[in-house]
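Working notes, beginning with the structure itself.
Quick note on labels: first sequence line is chain A, next is B, and so on, each numbered from 1.
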Protein chains: 2
Amino acid sequence: MSDVSKLAGVSKMTVSRVLADPALVSEETRQKVMKAIEKLGYVPDRIAGSLSSRRTNFITAILPTLTNSNFADSAQGLANALRAADYQLLIGYTMYDLQEEERVIRTMMERRPDAIVVAGTVHTKMASEVLMRAGIPIVEIWDVPEHPIDHAVGFSNYEVGRTAAKHLISLGFTRIGALGSRADGDVKDWRGESRLLGFGAALREAGIADDLIIREGSAPVSYDHGAKTLGSLLAKAPDVEAIFAVSDISAVGALMECHRRGIHVPDQISILGFGDFDIGRQCYPAISTIRVDAQMIGRKAGELLLSILEAEKDAAVPEGARVDVGFQLIVRETTKRLGR
Amino acid sequence: MSDVSKLAGVSKMTVSRVLADPALVSEETRQKVMKAIEKLGYVPDRIAGSLSSRRTNFITAILPTLTNSNFADSAQGLANALRAADYQLLIGYTMYDLQEEERVIRTMMERRPDAIVVAGTVHTKMASEVLMRAGIPIVEIWDVPEHPIDHAVGFSNYEVGRTAAKHLISLGFTRIGALGSRADGDVKDWRGESRLLGFGAALREAGIADDLIIREGSAPVSYDHGAKTLGSLLAKAPDVEAIFAVSDISAVGALMECHRRGIHVPDQISILGFGDFDIGRQCYPAISTIRVDAQMIGRKAGELLLSILEAEKDAAVPEGARVDVGFQLIVRETTKRLGR
DNA sequence: CTGAAAGCGCTTACAG
DNA sequence: CTGAAAGCGCTTACAG
């Protein structure tokens, strides 16, 4: 920058202003500076800028994994919302491991992000404390807890589970199962578990046994997970009539396994998934599912942060916002009324 | 940090050493410093550290999109390889748009990454220049050009196309088509196009017409893309016997469309995909494909960078490395010899 | 509209 | 094994 200022015959301050807010500089001076920048191929150093201004324009996003199209969509939505305002995402993976999440959060704090977006509302005690003391906006996404650490953008996974159960019950079934992953140990999918919990509760409310909820394998689930847990479920209850899978991925895996075993879907077994993944829509038969707008979650989180970070002085800034984007039951071809 | 040094009764330099290389500090002093750090909840500021040391430990990764499991796998592989050495990925999306890629590269340079990993070997002239002048290691991934900007880790997409054609030819087919996306304009998938080019070349070498190569829609392809382009292909050539899709995603979409139209795969049409996506494996019938180890590409790129960035003084550092990870034809159920 | 001074929180490079 | 000084490349906060 001092090379530029020398070549342009102005102070560094003026160069800085040309870059940050050109309107503050006279047309003539600006031209000189721009020419010098061009000539020298000068690229401003935002590391230095960040240190000086105490703003990095980094926003940390902590997700279980990026190889899940729902989270990838949220990341994409977040990145798109923030891009125009010149923020850079710092993405961290946890692989559904709370210890790893804590480690990632600690490491990220050293990069001094302006805000943090974190998937999930269950954290280690230490991680929660670090987040609470961070002194920057925090947005928890993919669920809406009663008391977020700061802000939350998501939906109720518990209610998703209840809605799933009610749909299957409304079709006349009484032997109803579910496919999920294990909820013990450090590596677990709390959101999926919430859905199973809501599912079981609604079953019991209707006087239906909740003993066919299978929890096997570690998150993240896969097509293979769906195929295998379907096998376990059938071994336990050959007469099962309807199944809710915590993810369309598992639902598709279960559907393919039914194909292989010669079980007709939905005539013999109804299957309901979650997530409205592309593949569920394209499957044959197309998977009934519960849809969440993952990209919108990312976008709303981004917009919320922008409204806080870019707020004018004295402007009203949202406090402890809880945004529920809801969800939607989509009945396609894999769920059908009993006996029809 | 100066708070810590005061509380511990040592200089800032000693605190810095405890954090960077504890072995340089006496056991006793180290304990005092650690205690002070703990008590104050001190979190080092790596922005300041980066400015001072002229190393950010950022590595930029520029990908077309993260909502493609192949690129997500590469990102994951890269992140895993770099994580132990304490590097943070700075991920940028281009959505297959070369102008956007140039913009992203320019913006990223301001963050002073220690290295850049970029998917693809086709860039705008300006983007190539910026990369060449960056003065840091550059790794192009997902192809292995004759003359990389710096390093390259990937495979020959052109040869993938040739292998695909040869497989279908070896099964006895002569009416052979392909499904890809448009290759004009700024938004395009050069890797997919390379595969189509190799495919067409191998067809012609065998004396087979290459007029059934469909290029429709913009990258990234989708299940829907496969379904629609299959429709276009059938409209043009109802007698088509075998199809190569530039991605398993398109292949699955085409397969589902065949289901819907009552076309039997592989008895009436053989389908070969690319990428060995999970879903292709789980599909019924399972998709024949060409497999690339996407995660390995990321990992090898990461290891290459580590060997350069973490090299001891005077250690031999690879120059202009070209790593070809190859690919593998996997014949499953959607390709079958003519007339059997 | 423009500039001189100070400082952001570290590490480098010496010195002892 | 430890420390004092200088400096990384910007922006803040004044001053004119």
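With both pairing distances under 3.5 Å, C/dA4 is matched to nothing as a Watson-Crick or G-U wobble pair.
A salt bridge between A/E303 and A/R299 is present, with a side-chain N of the basic residue lying under 4.0 Å from a carboxylate O of the acidic one. Note on A/D45 versus B/R54: salt bridge recorded, some NZ/NE/NH1/NH2 to OD/OE distance being below 4.0 Å.
Between D/dT2, C/dT2, C/dG3, one nucleotide has an atom nearer to the side chain of B/V25 than all others, and that is D/dT2.
Atom pair A/D21:CG and C/dC1:P shows a separation of 10 Å (rounding to whole Å applied). Regarding B/K32, its NZ atom lies at a distance of 12 Å from the C1' atom of D/dC1, rounded to whole Å.
A donor-acceptor pair under 3.5 Å is formed between the side chain of A/S53 and the backbone N or O of A/G49. Panel note: side chain A/S69, backbone B/T67; no donor-acceptor pair is recorded below 3.5 Å. Within the 3.5 Å criterion, the main-chain N or O of B/V139 finds no donor-acceptor partner in the side chain of B/D150.
Contact between the side-chain N/O atoms of B/S26 and the OP1/OP2 oxygens of D/dC1 is not found at any separation under 4.0 Å. For D/dG3, the OP1/OP2 oxygens have a side-chain nitrogen or oxygen of B/T14 closer than 4.0 Å.
Judged by distance alone, the side chains of A/T14 and A/S11 do bring a donor and an acceptor atom under 3.5 Å apart.
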Whether each nucleotide of nucleotides 7-16 of chain C has a protein heavy atom under 4.0 Å at its base (B), only at its sugar-phosphate (S) or at neither (-) is summarised, 5' to 3', as BBBBBBB---

